[in-house]
Amino acid sequence: CLTPELLHQYSLDNKIAVIVDILRATSCMVTGLAHGVKEIVPVSTLEECLALQSQGYLAAAERDGSRAEGFDMGNSPFEYMKERVVGKKVAVTTTNGTLTLNKSLDAKEILIGAFLNIAALTEYLKLQEEDIIIVCAGWKGKFNLEDTLFAGALCHALKNDFEFACDAPLAAEAMYLTAKNDMASYMKNSAHAKRLGKLNVIDDIEFCIQESIYDVIPVLYGESLVPLRQ
Ligand code: MLT
């Protein structure tokens with residue numbers, strides 16, 4: 001359970017990295033692939049996203065919670081459910097989530113985690129031998145509530161199959177067990193939930209905290225996220 005800034009303290013070699021940005025990048029990636037997006041290319045800059053748009057990709061860009069000017073989509077999971085995305089290649093850049101993914105490229109395997117696919121992700125991870133690092137996107141280098149809640153939920157689900165390498169999973173698990181019976185109320189304290197509230201996207205928060213509504217596990221294959229084939 002790390003934020004990107006701590007990644008340099010750990011080697012990702014031969015490890016599985018689970019990237020999480022509950023509000024909303026990884027929730028969008030899971031939703032998009034579940035609703036027929038062909039592949040998703042996560043890029044770190046607006047310029048890279050525009051370049052792929054010129055090659056025919058649907059371009060999704062968010063900065064500080066809002067859709068960036070001049071792009072086809074923002075970063076709401078509801079945009080990834082529309083007919084227009086079916087069969088399409090999507091290039092995406094977000095404030096934290098895509099940056100975090102691109103800082104984790106040394107990992108043996110990069111998977112996308114969200115509450116939306118947590119059961120499928122758990123079952124897959126239980127069968128793996130490699131160490132797992134949960135990389136929480138946070139907000140601009142800072143800890144955030146929602147990503148750590150997810151990390152706690154995943155650690156709780158995997159605790160009988162893996163050993164915790166430090167106390168962070170224990171803390172995250174304790175936080176999740178405190179919050180799990182009323183996540184919506186607990187999430188109201190999150191800085192990003194308040195930020196999104198001001199942008200009138202409360203529905204996104206309620207959608208992104210639902211557990212296990214999709215079975216798809218996005219995996220990075222080359223530069224693209226595609227559904228994991230098991
Ligand atoms: C992020 O990358 O920090 C989030 O996805 C931002 C958002 O979608 O509001």
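Start at 1 and go down the list; that is how both ligands and their atoms are numbered.
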Next item on the list: Examine Ala25 against ligand 1 and note whether any of their N/O atoms are separated by less than 3.5 Å.
Entry: yes
among protein heavy atoms, the one nearest atom 5 (O) of ligand 1 is Asn75 ND2, 2.8 Å
Exercise for review: Verify the cluster assignment for Met183 and Val201: are they in a single hydrophobic cluster under the rule of side-chain heavy atoms below 4.5 Å apart?
Suggested key: yes
Leu196 heavy atom under 4.0 Å from ligand 1:
yes
For Gly97, the ligand 1 atoms with a heavy-atom partner under 4.0 Å come out as 1 (C), 2 (O)
Please work out whether the ring planes of Phe78 and Phe207 are parallel, tilted or perpendicular, with thresholds of 30° and 60°. tilted
### Polar contact flag, side-chain donor to acceptor under 3.5 angstrom, Glu48-Thr93
no
Atoms of ligand 1 under 4.0 Å from any heavy atom of Asn96, numbered from 1 in the order shown, are 1 (C), 2 (O), 3 (O)
ask   = Between the side chains of Thr94 and Asn75, is a donor N or O closer than 3.5 angstrom to an acceptor N or O?
value = no
In ligand 1, the atoms that come under 4.0 Å of a heavy atom of His192 are 6 (C), 7 (C), 9 (O)
Tell me whether Gly65 reaches ligand 1 (any heavy atom closer than 4.0 angstrom to a ligand atom). yes
Relative to each other, are the rings of His156 and Tyr176 parallel, tilted or perpendicular (30° and 60° limits)? tilted
Exercise. Side chains of Ser76 and Glu79: donor-acceptor distance under 3.5 Å anywhere?
Worked result: no
The protein heavy atom nearest to atom 1 (C) of ligand 1 is Asp21 OD2, 2.8 Å
The atoms of ligand 1 lying under 4.0 Å from a heavy atom of Leu23, numbered in the order shown, are 4 (C), 5 (O), 6 (C), 7 (C), 8 (O), 9 (O)
Residues Gln53, Asp72; criterion side chain to side chain donor-acceptor pair (under 3.5 Å); working and verdict
CA-CA 9 Å; Gln53 185 182 46; Asp72 305 309; 3.1 Å; yes
To atom 7 (C) of ligand 1, the nearest of Arg195, Met29, Arg24, Arg63 on a heavy-atom basis is Arg24
